[in-house]
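Step one of this worksheet: look at the structure below.
Order of the sequence lines fixes the chain letters, A, B, ..., with proteins taken first and strands second; residue numbering starts at 1 for each chain.
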Amino acid sequence: MIYCIGHNIISPLGFTSEANYEAVVNGHSALRLHEGTFDLPEPFFGSVIDDDSLENAIAPYLKNKIFPLTKIEKMMILSVIKANDNANIDLCDKRTAFVISTTKGNVSYLSENNNDDKIFLWHTAEMVCRFFENCNEPFVISNACISGAAAQMEALRLIENNIYDNVVVTGADVLSKFIVSGFQSFKALSSERCQPFDRDRKGLNLGEASATMIFSAKKTPTATTALKKASVRNDARHISAPSIEAEGLYNALSDITEDIDINDIAFINAHGTATIYNDEMEALALNRTGMQHIPVNSLKAYFGHTLGAAGIVESILSAMALDNGTILKSEGCINTGAKHEIHPVLTTIQCSKRYFIKMISGFGGSNAALLFENVRDNDNQPVIKNCRCQNLRIISTGILSDNKLIINDKEIHIDNLASNIPDSIYRSMKISYPKYFKMDMLSKVGFIVSELMLRDAGFDIETKKKEMAIALFNSSASSDDDIAYLESIKDKDTYYPSPSIFVYTLPNIVAGEIAIRNKILGETSFFISKNYNPQMLYQQVCNIMSVPSTKYILCGWCEYFKGHYDVRLMIVTKDSEKGILFNTNNIL
Amino acid sequence: MEELILKLKNEIIEVLNLEEVKPEDIDENAALFGEGLGLDSIDALELIVLMEKNYGIKLQDPNQGKEIFKSIAVMADYISKNRTK
């Protein structure tokens, strides 16, 4: 358990958590019709932060800073500053870490010939840390829509495992032609204000926001909320469509509720995007876990889907509501319309229970669930578990680099080596998987190496693997696909946004592809770091292995950018005497 | 119509990256989704893009695709009646 000692939300509804909460309680929405915004040929219904208001708000803090900042960086920095008004921690302390959550960062600055570091997610994180003079390498999580929730889970582990005392979780995304056109190509957007869980729901709205939660091992007098448990689970079903069995969300919800009485849960704050299939999947997950009677709400009709910020924005508002003894109205839902019975909150109601759940799902088959507790009247409880890596072993390795493929220390000869290396390997090794040729290059290189390693290590493709997790890292995220997608939208005359390219502009899709192929139902995560950092990889694997149900982790570096690839993967286990010891010296 | 069917087969193979499929492998009367080519929801969205890009047909409601994309033959028939380019 960790304590939230400060928080903030920056959205069109206000630049403090309190202003946003007040607006929501009063039924205000930031959503409106945008025509011609971002030079888009079609209008969209969404929420956008006014640039001038942001500039005015951050100007006093930038006086002595000389480095240029983009909109998303300013949003994150302003949010952290305001969150720390309450937390009042030393942001540059070596025991304070930053966890950054974003799906697309500065993608609006991308152009065909732009090699500026600004386009990379690690750079955005670096700018935020540099502003606060924090010298620790930031943890950057890009797990599609669950990023904000996954970032909080990261904070929980970093503090509980005594790696840091304080963790600043900040998330943001800004809208752009790139993002809006992609969702339009998916036919996922509603042309009017979204209606989560309503029978007439027509799709989602997108929104801009940044939000910050500062977590600590120690409770402060003003802290009212603690993050008690967190879980991320993959559906292993489809890279973009919600699972028809709700398997991942069911597993994540089961994980966080196993030790509590579900009758103590005041409400569940759902993802509630207002797409037909997401809301149906969430309703099914609640029924499968026996929680269909618990009030459920979605806050999307106030802000839209704020992508990398969503999990944080919605956790903060839900925590404030619980502390006020209130369950916020699920705006937009008039006639409940899920096939599986649930109870959306049709009008704001009172509550006096101690827990709430935040759940969220996203592309790549990932699902997250967080359990929060109101701790206003509780004393400080020790949070340190000190889970240590003991006897973790590497049981399989795979390298694809410089035209060489090495599986478990044996170099594999590739027949008919052509310019497309992964395709050459696919054919040479006689792999058969119909979806392979639909993948982007990042997924292909990750798929090929993992395929050969998993088969060599004796894992089949049929058995469901709840005990296996995937944790991948790279530097460029999905920038190669970003450039390809940009090509489909850059000219007015040839403006045909491609959904099959857009879906791969999220780096965690490679983890989803591997999960689908191998029925891996455990945690899947994608982290971004400037350079390959074995120490960070080691730390992540130890953190993930601290989850008792996790026995195997497919982990490592998986990079593809502008024709250059570098894949170094390992299977690490705590369940074997074979293999070599997993430590920073033995990491590939 | 035969010419349009062949053209469509080639276009579908290209945009959906059906690398190991040849036009003659596709039965124009067989279901495009489910069994057969194993297409999924993203493929359906990409077919909507194909219709607009190559034939000037704009489908706003993806549910329309369920009928139009039943088979190559049905798709070709719809295109021949509604194309603007």
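- Judged purely by distance below 3.5 Å, without hydrogens or angles, the side chains of B/Asn10 and B/Glu14 never pair a donor atom with an acceptor atom.
- Outside the 6.0 Å centre-distance limit, the rings of B/Tyr78 and B/Phe69 are not counted as a close aromatic pair.
- Heavy atoms closer than 4.5 Å to chain B are found nowhere in A/Phe502, neither backbone nor side chain.
- In this structure, the portions of A/Ser500 lying under 4.5 Å from any heavy atom of chain B include both its backbone and its side chain.
- The contact between A/Glu42 and chain B is made entirely by side chain atoms (from C-beta outward), counting heavy-atom distances below 4.5 Å.
- The side-chain tip of A/Arg517 does not point at the ring of A/Phe447 from less than 6.0 angstrom away and within 45° of straight on.
- Residue contact with chain A, scored on non-hydrogen atoms closer than 4.5 Å, is absent for B/Leu50.
- Looking at A/Pro499, both its backbone and its side chain come within 4.5 Å of chain B, counting heavy atoms on both sides.
- Taking the six-membered ring for Trp and thresholds of 30 and 60 degrees, A/Tyr426 and A/Tyr436 have nearly parallel ring planes, at less than 30 degrees apart.
- Both the backbone and the side chain of B/Leu16 come within less than 4.5 Å of a heavy atom of chain A.
- Around the CD atom of B/Glu24, the shell of radius 6.0 Å holds more than 12 heavy atoms that belong to other residues, nucleotides or ligands.
- Chain A forms more heavy-atom pairs under 4.5 Å with one residue of B/Asp43, B/Val21, B/Ile48 than with any other, namely B/Asp43.
- Enclosure of atom NZ in A/Lys519 by more than 12 non-hydrogen atoms of other residues, nucleotides or ligands within 6.0 angstrom is indicated.
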